[in-house]
Amino acid sequence: MTTYVPKAVQDALDEARLQNLRRSSRLRVCSEDASFPVLRLWETGFSVEEEITPQLRGLVDLFEGTRYLSQCLIVASEAEAGEMRYEFKRATPAADKAPLDFYRAPEAPVALIESYRN
């Protein structure tokens, strides 16, 4: 058995789904000097609203509110039901401190205080 849904009904359902996704997401993607809301995020990519977002490509920054999440290299995947999906080629998570380029023993002192002589 097949189900037929008239185009007007399908469009209304898609618009309601997009509106719900817009309300529930705090994520946004920044490209050059513009910022666009992210509708959904998964391990290998994300989706944005197709009508209001221009074609994105290359390096973008991903934010949750004001918190910087990652820098991503993206490619366009597909457009479906008002969403444009992008896949990550690379997603580098943001860190709050510089990475160490050497091994630090867990029991090593944090700093060395030398004696001061006059």
Side-chain angles (χ1 to χ4, degrees):
M1 181 175 172
T2 60
T3 304
Y4 173 74
V5 178
K7 180 151 178 49
V9 173
Q10 184 63 47
D11 291 343
L13 289 172
D14 289 342
E15 182 57 36
R17 183 182 53 78
L18 286 174
Q19 194 173 39
N20 187 31
L21 287 172
R22 267 187 244 126
R23 254 188 262 125
S24 65
S25 180
R26 293 192 59 218
L27 298 170
R28 61 188 170 93
V29 63
C30 296
S31 175
E32 295 173 2
D33 290 329
S35 176
F36 307 100
V38 173
L39 299 177
R40 293 185 299 138
L41 176 70
W42 55 93
E43 265 185 53
T44 59
F46 64 92
S47 69
V48 293
E49 192 171 351
E50 185 178 20
E51 289 182 13
I52 64 169
T53 308
Q55 186 72 23
L56 301 173
R57 63 186 294 198
L59 278 174
V60 296
D61 296 315
L62 196 60
F63 290 88
E64 180 179 16
T66 59
R67 189 169 62 105
Y68 183 49
L69 295 179
S70 63
Q71 183 182 50
C72 310
L73 182 61
I74 60 170
V75 293
S77 176
E78 63 181 336
E80 182 181 336
E83 288 182 64
M84 183 65 191
R85 295 187 181 119
Y86 293 92
E87 299 295 323
F88 298 136
K89 283 181 127 181
R90 173 183 64 85
T92 306
D96 59 347
K97 57 187 172 190
L100 289 177
D101 60 348
F102 58 90
Y103 174 74
R104 180 178 292 177
E107 60 276 341
V110 174
L112 180 63
I113 301 174
E114 297 183 18
S115 63
Y116 180 75
R117 296 182 190 198
N118 289 345

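Model, not experiment: these values are computed from the prediction.
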Tell me every residue that passes ring pair (Phe, Tyr, Trp, His ring centres under 6.0 Å) with Phe36, counting only those two or more places apart in sequence or in another chain. none
Contacts of Tyr86 meeting ring pair (Phe, Tyr, Trp, His ring centres under 6.0 Å) (sequence neighbours excluded), chain-then-number -> Phe46
Any heavy-atom pair between the side chains of Thr53 and Val29 that's under 4.5 Å? no
Tell me whether Val48 is reachable from Phe63 by hopping between hydrophobic residues (I, L, V, M, F, W, Y) whose side-chain heavy atoms are closer than 4.5 Å. no
Taking only residues two or more places apart in sequence, or in another chain, which ones meet Glu107 in a salt bridge (Lys or Arg N to Asp or Glu O under 4.0 Å)? none
Leu56 reachable from Leu41 in the ILVMFWY side-chain graph, under 4.5 Å edges: yes
For residues 65-74, run the donor-acceptor check on the side chains, cut-off 3.5 Å, and write out each pair with its distance to 0.1 Å, sequence neighbours left out.
from	atom 1	to	atom 2	distance (Å)
Arg67	NH2	Glu64	OE1	2.7
Tyr68	OH	Asp61	OD1	3.0

For a quick test of reading the model, state the closest non-hydrogen atom pair linking Ser77 to Met84 and the distance between them. N-CE, 4.4 Å
So how far is it from Gln55 CD to Glu50 CD, rounded to the nearest 0.5 Å? 9.0 Å
Which residues pass the salt bridge (Lys or Arg N to Asp or Glu O under 4.0 Å) test with Arg90, sequence neighbours left out? none
Applying salt bridge (Lys or Arg N to Asp or Glu O under 4.0 Å), can you list everything that pairs with Arg85, at least two apart in sequence or on another chain? Glu78, Glu80
